[in-house]
Amino acid sequence: MDTGLLIGTVLAVQANYYEVQLDLKNCRGVTSIPQVLLCTRRTRLKKVGQYVMVGDHVIIEEVDWSGARGAIAEVLPRTSEFDRPAIANVSQVLLLFAVAEPPLEPYQLSKFLVKAESKSLNLILCLNKSDLISSSEQESLGRRLSEWGYQALFVSVYQQQNIEVLAQYLQDQVTVVAGASGVGKSSLINLLIPGVKLRVGEVSGKLSRGRHTTRHVELFELPHGGLLADTPGFNQPDLDCSPEELAYFFPEIRRKLLVTSCRFSNCLHRDEPDCVVRGNWERYDHYLCFLELAITHKIHLQKQGDPEPKVKLKTKEKGKKQYEPKLEIKKYRRASRKTQLQKLQQLCQDSDDLNELT
Ligand SMILES: Nc1nc2c(ncn2[C@@H]2O[C@H](COP(=O)(O)OP(=O)(O)OP(=O)(O)O)[C@@H](O)[C@H]2O)c(=O)[nH]1
Ligand SMILES: [Zn+2]
């Protein structure tokens, strides 16, 4: 057996245990050792605050081969870090949507596309449930998306259409499967990885969110090499890019700015004079909506960095100035209907965020 370092990839994290798939290239000639070890994290890593993520390449020590146990001694440098779900070393995003059931919502698809573009990773757009539309509908949808700048791959899990083509795209890559709830992510993973048996649900509108019992992140091994992660029950990616960079996440805008430019270099493409981006193209409205979100996000970040002072300067008699603590906003003032509604929406959003994190 090679005495070199034992390296593996973290497939799943549960409580304080890490499921690590061994990179068996380092153990040539040995066939009877376990492929996956259940590992703990060495205390030294805890002390230096080095956390371990799914997808991490790690060095393993203190192996107990008979019990398939080990300890993670070191985390190798990451090439990328995905936040939702938290996975290291992802190489591409597979954006899966359905052509119907649930209906394809252009705004929602756009939001997922922009989010995926912001990751600077390879992006595959795949449309499932092609069995539910005619070939001419498929062609016109394909043309529409190519205007957006994407070559969509139409698949059907039910009819096993184009699954082989997709499998080739996934080979030897670490891919995160993202897409709205009910589009067939679990069904697709079950088909690609026989034996994995992810739970497939019924499409039941908004209530389908959160029905997954096990929501922890996990990487699944593809039969011909490569790893795949699901993002269950996840409908609304939040856009956290800056207003200035948003334009670059639209292929249509990139194409325009490649051949010409706006009068102002910091143009946000809203109402500035001589803007070459503003105009009559399908997703311009989406751009404007996302721009509003990005501006709100930026203001929010600025406020966080600059907390409101807890004291205020008051002028007393004879012009004497004095600092006084700020009084709390009246608690008994009745919230307007609009504020109540906003609070309710925020509450829903927060509980969704919580679901996505757990
Ligand atoms: N017509 C049709 N239905 C499909 C196809 N693939 C999956 N479905 C159905 O779509 C529904 C949702 O599938 P899931 O695999 O649970 O979808 P999901 O994307 O994992 O959903 P979440 O777990 O909520 O994110 C199920 O009823 C599947 O049987 C397909 O190719 N054609
Ligand atoms: Zn412009």
Side-chain angles (χ1 to χ4, degrees), residues 84-85 93-105 108-109 112 126-134 137-138 152-163 165-166 176-193 196-218 220 228-237 243-248 250 252-281 284 287-288 291 352 355-356 358:
R84 283 186 183 189
V93 179
L94 166 63
L95 201 53
L96 188 71
F97 265 74
V99 294
E101 295 179 19
L104 188 66
E105 288 173 21
Q108 191 190 35
L109 173 59
F112 270 91
C126 197
L127 294 178
N128 187 29
K129 310 199 187 183
S130 300
D131 50 283
L132 297 175
I133 59 169
S134 67
E137 282 173 311
Q138 197 170 303
L153 177 68
F154 287 87
V155 303
S156 165
V157 171
Y158 277 12
Q159 295 181 342
Q160 305 213 358
Q161 181 198 329
N162 272 338
I163 301 297
V165 181
L166 180 60
V176 166
V177 187
S181 194
V183 298
K185 295 184 297 295
S186 307
S187 310
L188 177 70
I189 296 176
N190 285 340
L191 182 63
L192 290 166
I193 311 176
V196 69
K197 292 203 179 60
L198 290 189
R199 197 176 140 201
V200 170
E202 292 303 314
V203 182
S204 57
K206 288 206 175 244
L207 290 177
S208 66
R209 281 163 154 228
R211 66 182 153 66
H212 276 258
T213 42
T214 50
R215 295 178 64 88
H216 60 265
V217 189
E218 192 167 354
F220 301 105
L228 212 58
D230 191 9
T231 54
F234 172 47
N235 265 330
Q236 283 292 336
E244 295 76 22
E245 63 187 354
L246 178 66
Y248 294 94
F250 283 77
E252 305 96 311
I253 304 183
R254 286 202 298 264
R255 269 192 313 233
K256 287 180 208 288
L257 293 180
L258 211 59
V259 290
T260 173
S261 48
C262 300
R263 189 203 294 184
F264 302 109
S265 60
N266 60 351
C267 184
L268 285 180
H269 320 301
R270 275 186 298 195
D271 37 27
E272 297 88 337
D274 298 327
C275 169
V276 295
V277 168
R278 185 176 55 237
N280 191 17
W281 49 282
Y284 183 54
Y287 170 76
L288 290 177
L291 185 63
D352 286 337
N355 277 341
E356 280 155 29
T358 48

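In listed order, ligands and their atoms are each counted from 1. These numbers come from the heavy atoms of this one structure, side chains and all, not from hydrogens, waters or symmetry mates.
Taking each of Val157, Leu191, Leu132 in turn, the one with a heavy atom nearest to atom 31 (O) of ligand 1 proves to be Val157.
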Below 3.5 Å, can you tabulate the donor-acceptor pairs from side chains in residues 265-277 to any protein atom, sequence neighbours excluded?
| residue | atom | partner | partner atom | Å |
| --- | --- | --- | --- | --- |
| His269 | NE2 | Cys267 | O | 3.4 |
| Glu272 | OE1 | His269 | N | 3.4 |
| Glu272 | OE1 | Arg270 | N | 2.7 |
| Glu272 | OE2 | Leu268 | N | 2.8 |
| Asp274 | OD2 | Arg263 | NE | 3.0 |
| Asp274 | OD2 | Arg263 | NH2 | 3.0 |

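If you look at Asp230 next to ligand 1, there are no close heavy atoms at all, none under 4.0 Å. Proximity of Asn128 to ligand 1, defined as any heavy-atom pair under 4.0 Å, is confined to the side chain (atoms from C-beta onward).
Taking Tyr284 as the reference, Trp281 meet the ring-ring contact (aromatic ring centres under 6.0 Å, His included) condition, with sequence neighbours excluded. Applying the side-chain contact (heavy atoms from CB on, under 4.5 Å) rule to Gln138 yields the partners Ser130, Ile133, Phe154, Gln161; only residues at least two apart in sequence or on another chain are considered.
If you number the atoms of ligand 1 from 1 as listed, the ones under 4.0 Å from a heavy atom of Val183 come out as 17 (O), 19 (O). Of all atoms in ligand 1, numbered sequentially from 1 with element shown, those under 4.0 Å from a heavy atom of Asp131 are 1 (N), 2 (C), 30 (C), 31 (O), 32 (N). Residue Ser156 approaches ligand 1 through these ligand atoms, each under 4.0 Å from one of its heavy atoms: 31 (O). Taking every non-hydrogen atom of Ser186 and a distance limit under 4.0 Å, the qualifying atoms of ligand 1 come out as 15 (O), 18 (P), 20 (O), 23 (O).
Here the CD-CG distance, from Glu101 to Asp131, works out to 8.5 Å after rounding to the nearest 0.5 Å. Taken to the nearest 0.5 Å, the CG atom of Leu109 stands 7.0 Å off from the CG atom of Leu127. Distance OG/Ser156 to CG/Asn128: 6.0 Å, rounded to 0.5 Å. The CD atom of Glu244 sits 9.0 Å away from atom CG of Leu291, with the distance rounded to the nearest 0.5 Å.
Under a cut-off of 6.0 angstrom, the local environment of OH in Tyr248 is sparse, with at most 12 non-hydrogen atoms contributed by other residues, nucleotides or ligands.
Counting only distances under 2.8 Å, and ignoring water, the protein N, O or S atoms around the Zn ion (ligand 2) are Cys262 SG, Cys267 SG, His269 ND1, Cys275 SG.
Using a distance-only test at 3.5 Å, with no hydrogens or angles considered, a donor-acceptor pair links the side chain of Lys185 to the main chain of Ala180.
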